[in-house]
Amino acid sequence: MMDLDQTMSRDEKSPIKEKSFSAFKEFRNRLSSLKQYLPSRKRRFIILNVLFFILGAAIGMNLWILSSLPDVDSLANYEPKLSTGIYDINDKLILEVYEHRRIAIVLDSIPEYIPAAVVSLEDKRFYQHPGIDFRRLAKVVWLNFIRKIGGKKWGAGASTITQQLSRNIFLTLKKTLLRKVEEIYLSLLIERRYTKREILEMYLNEIYWGYGNHGLGAASRYYFDKIPDGLSISESAALVGLLRSPGFYSPYNSYERFIERRNLALNGMFEEEAITKGELNSALAESLIVVDQSKKEIVGPYFINEVKREMGELFGRAYISWGGYKVYTTMNRDMQLIADSLMEWGLKRVELYWHLTKKEDIPDSLIHSGNIPYIQGSMVVMDPATGYVLALIGGRDYKHSLYNRAIQSKRQAGSAFKPFLYTAAIDNGFLPSDFVFDLPMIKELGGEVYAPKNYDETFMGRITLRTALKKSRNVASLNLCQEVGPFSVVEYAYQMGIESDLQAVLSVALGVSGVAPLEMVRAYSTIANLGEKVNPIFIRKVVDRYGNVVYENRIVKQRVLPDASAYMVLSMMQSVFEPGGTAYSARSAGFKKPAAGKTGTTDDFSNAWFVGFTADLNVGVWVGYDYPRSIGNGASGGAVALPIWTEFMKAVCDSTMNYEFTIPESVEFRYICSESGELATSRCPNVLKEVFRKGNIPKTQCRLHGKGRPTIEKPIEMLDDFNF
């Protein structure tokens, strides 16, 4: 037999080949030395027994592997973990929550050049082989054998698309001989059970694309913020190019390598005739713009956190761990972005005007969830007719504090609580034109002297209920509370939507009990709805992965006040925006739409509120610290919270909204004398238009200024000609 060394010339030898031939020669020499010690018959017997043992072991091992393989028929009902999408009020995606980020796709719904790119780059003979590319496998085994002998690491793999699918779904990524054998068997079984397109669709939904993204749907959203159907040829090729090594070819690690892989995929697509020469040139010339992940921020994080909390109550962790839900919320994305921007503007304004330590000047080392040393704010935007929460701010920086001040924080509302007092009074027979005394008051409460005062430390004497609310007169409100009764005020507050514990004491009228901004906005919406209470709604409906509506939040309205009583209070709250009212600065700042609301300020200027509404929009703003601390002297609700409210309303109110409040048929208007509160005559110097329940108007003409022609004879359509 010719020596193997003689079959190669010296020029053809290489170090790697020399090592392989040396190893073979050593094995042959050892086998030859063994022959001289064993007779030929006995040697054949031993060899046959060894061969039978090896064959039996191989058969047994294969039977064991086959019996332990998972059932590939289960793929017919395979339902992978999916992302759960959270959508805004216009059904646009806001955020995805997931354990595995995956958005299912259907192969027939995506352009054909995408699967063509996958096949050209990952498995060129996908449509020819039975699950295992034996030709490629033999080549790779030989190349890796040569590399191993040369002291190098294993090189390229020979896994087909089917093998990658079986490995990702059924097996682990740990490289062992047993796993490889299982992978081969599973691939052959999968190919027998499913069509090539079914396999390709499962593959595109399962394969990992880097940064927690599984499947084409998630990858296209992550890298290009598109659905697969909207990907260009160039973008599709770039995504497919990532599959070999998502980290190495990531555009965030090396844009050059990312483009090189795209070009390789494009050329492969052209070779497979998936694209034309013109499409190839156009795609190669296309500049790719990937999503800048460093600049992506969650819109309305406090809103989203409340949605997650409600989803957790409804579905447990299944909405994350199993996923596939579509959560349709009430968030108006544009309003939320405007609210976020204006809240920060308003708080920076407060820091500047009252010389507070600026947020950006405080080191991160001094900031943690239990210590937020800078000024905070919260905001709730609601559609009063439906209860839809359109925007919500629970704090200034979600990264510093998850505490939702719009929902969880109970702060004294100050004078913003007064509408509940006046509602109780009006609903129990008082009229806006009735008089109350704004005079010094001294009370003994709990053994201590209680001497309340007004914001300006003056007294106005005998004033109407409308004026008392308009000018936010504390002492007049306490006198009214004595007549109405604190328990009645508390009862009406609960009835209208307040849920926090309230103290039935005289000072309840001045907002001494802690309430959350969401409660206040909900209760004010009862007035805006003319006596109908609604529930705050964050989630409109939830749809599962099969398209079934599994939860729907229906709008429920409950009448808790007569429409006449609610409108009369609404009318009084409109006066707050008139000259002399505590919110008149909103008019001078440029907000001209019909609105109603109330400012609120607590002792030592520690809490500043404004809650106000138009016919279509109800907005509440709170500003203060997380701990008892004064914002600064003069930091009232009108000076601190109202400017934020005003700028927001100016930004979002447009011609599509309804700004006129509905006047119920249960009320009517009359002219009265502002000094006597009786029906005005031509002799009265100060006449104003006032609202009354139908059938409950004053009967007496003004006796203070003598008899004259009653102004009631004026047609009702002329009432607005007077500027009151």
Side-chain angles (χ1 to χ4, degrees), residues 353-354 412-422 425 430-445 448-484 486 489 505-512 569 572-589 596-612 630-643 672-677 685-688 690 704 724:
Y353 188 86
W354 276 275
Q412 290 183 340
S415 294
F417 201 84
K418 286 176 182 174
F420 307 121
L421 163 66
Y422 287 87
F430 283 82
L431 300 174
S433 58
D434 285 343
F435 289 95
V436 65
F437 288 101
D438 182 29
L439 296 172
M441 172 190 288
I442 298 177
K443 290 276 185 182
E444 185 177 344
L445 299 175
E448 295 185 2
V449 175
Y450 178 53
K453 58 184 179 180
N454 292 309
Y455 177 80
D456 58 4
E457 299 188 356
T458 66
F459 299 93
M460 297 180 65
R462 183 172 176 265
I463 57 176
T464 63
L465 267 64
R466 180 181 289 274
T467 300
L469 183 61
K470 171 183 176 179
K471 296 181 175 293
S472 197
R473 308 304 290 180
N474 291 339
V475 181
S477 296
L478 289 173
N479 280 317
L480 180 62
C481 188
Q482 284 189 116
E483 294 190 56
V484 174
V489 176
V505 295
L506 185 64
S507 56
V508 70
L510 303 185
V512 296
V569 175
M572 294 167 67
M573 293 172 70
Q574 284 185 277
S575 300
V576 174
F577 286 91
E578 295 173 357
T582 56
Y584 181 64
S585 60
R587 300 305 190 197
S588 57
K598 187 69 189 76
T599 53
T601 311
T602 58
D603 290 343
D604 299 326
F605 303 102
S606 56
N607 294 285
W609 291 77
F610 187 77
V611 185
S630 174
I631 300 172
N633 190 40
S636 64
V640 172
L642 179 61
I672 64 167
C673 174
S674 62
E675 297 176 37
S676 67
N686 296 307
V687 178
L688 59 85
E690 192 54 271
L704 183 62
F724 301 123

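We're numbering straight along the sequence, starting at 1.
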Could you pull out all residues at least two apart from [X] that satisfy side-chain hydrogen bond (donor to acceptor under 3.5 Å, both in side chains)?
X      : value
Asn633 : none
Ser676 : none
Ser606 : Thr602
Lys418 : Ser415, Ser472, Asn474

Contacts of type ring-ring contact (aromatic ring centres under 6.0 Å, His included), residue [X], not counting sequence neighbours:
X      : answer
Phe420 : Phe417
Phe605 : none
Tyr422 : none

Point-to-point distance, once rounded to the nearest 0.5 Å, from [atom1] of [X] to [atom2] of [Y]:
X      : Y      : atom1 : atom2 : answer
Asn479 : Phe437 : CG    : CZ    : 9.0 Å
Ile463 : Ser674 : CD1   : OG    : 12.5 Å
Leu469 : Ser477 : CG    : OG    : 7.0 Å

Pairing residues for Lys453 by the salt bridge (charged side-chain N to carboxylate O under 4.0 Å, His left out) criterion, not counting sequence neighbours: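 Scan of Lys453 (salt bridge (charged side-chain N to carboxylate O under 4.0 Å, His left out), adjacent residues dropped) gives Glu457.
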Shortest non-hydrogen contact between Val436 and Ala468, atoms and distance: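 Nearest heavy atoms, Val436 then Ala468: CG1-CB, 4.2 Å.
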Heavy-atom closest pair, residues Cys481 and Val489: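 That would be SG-CG2, 4.1 Å.
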Greater than 12 external heavy atoms within 6.0 Å of Tyr353's OH: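 Count not over threshold, so no.
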CZ/Phe435: more than 12 non-hydrogen atoms of other groups inside 6.0 Å: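 Counting neighbours around CZ of Phe435, more than 12 heavy atoms of other residues, nucleotides or ligands fall under 6.0 Å, so yes.
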Expected output: side-chain Gln412 to main-chain Val512 donor-acceptor under 3.5 Å: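 Side chain of Gln412 to backbone of Val512: a pair is present.
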Check: Phe610 main-chain N/O paired with Thr599 side-chain donor or acceptor under 3.5 Å: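 Side chain of Thr599 to backbone of Phe610: no pair is present.
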Residue pairs, two or more places apart or on separate chains, that pass salt bridge (Lys or Arg N to Asp or Glu O under 4.0 Å) and touch residues 430-441: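 Passing the test, one end in residues 430-441: Asp438-Arg473.
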Who passes side chain to side chain contact (heavy atoms under 4.5 Å, CB included) against [X], sequence neighbours left out?
X      : value
Glu483 : Phe430
Pro579 : Tyr584
Val576 : Thr582, Ala583, Lys598

Stepwise side chain to side chain contact (heavy atoms under 4.5 Å, CB included) test for Thr464 and Glu690: CA-CA 11 Å; Thr464 63; Glu690 192 54 271; over 6 Å; no
Qualifying residue, where the test is side-chain contact (heavy atoms from CB on, under 4.5 Å) with Leu421 and the options are Leu478, Leu465, Leu480: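 Option passing the side-chain contact (heavy atoms from CB on, under 4.5 Å) with Leu421: Leu480.
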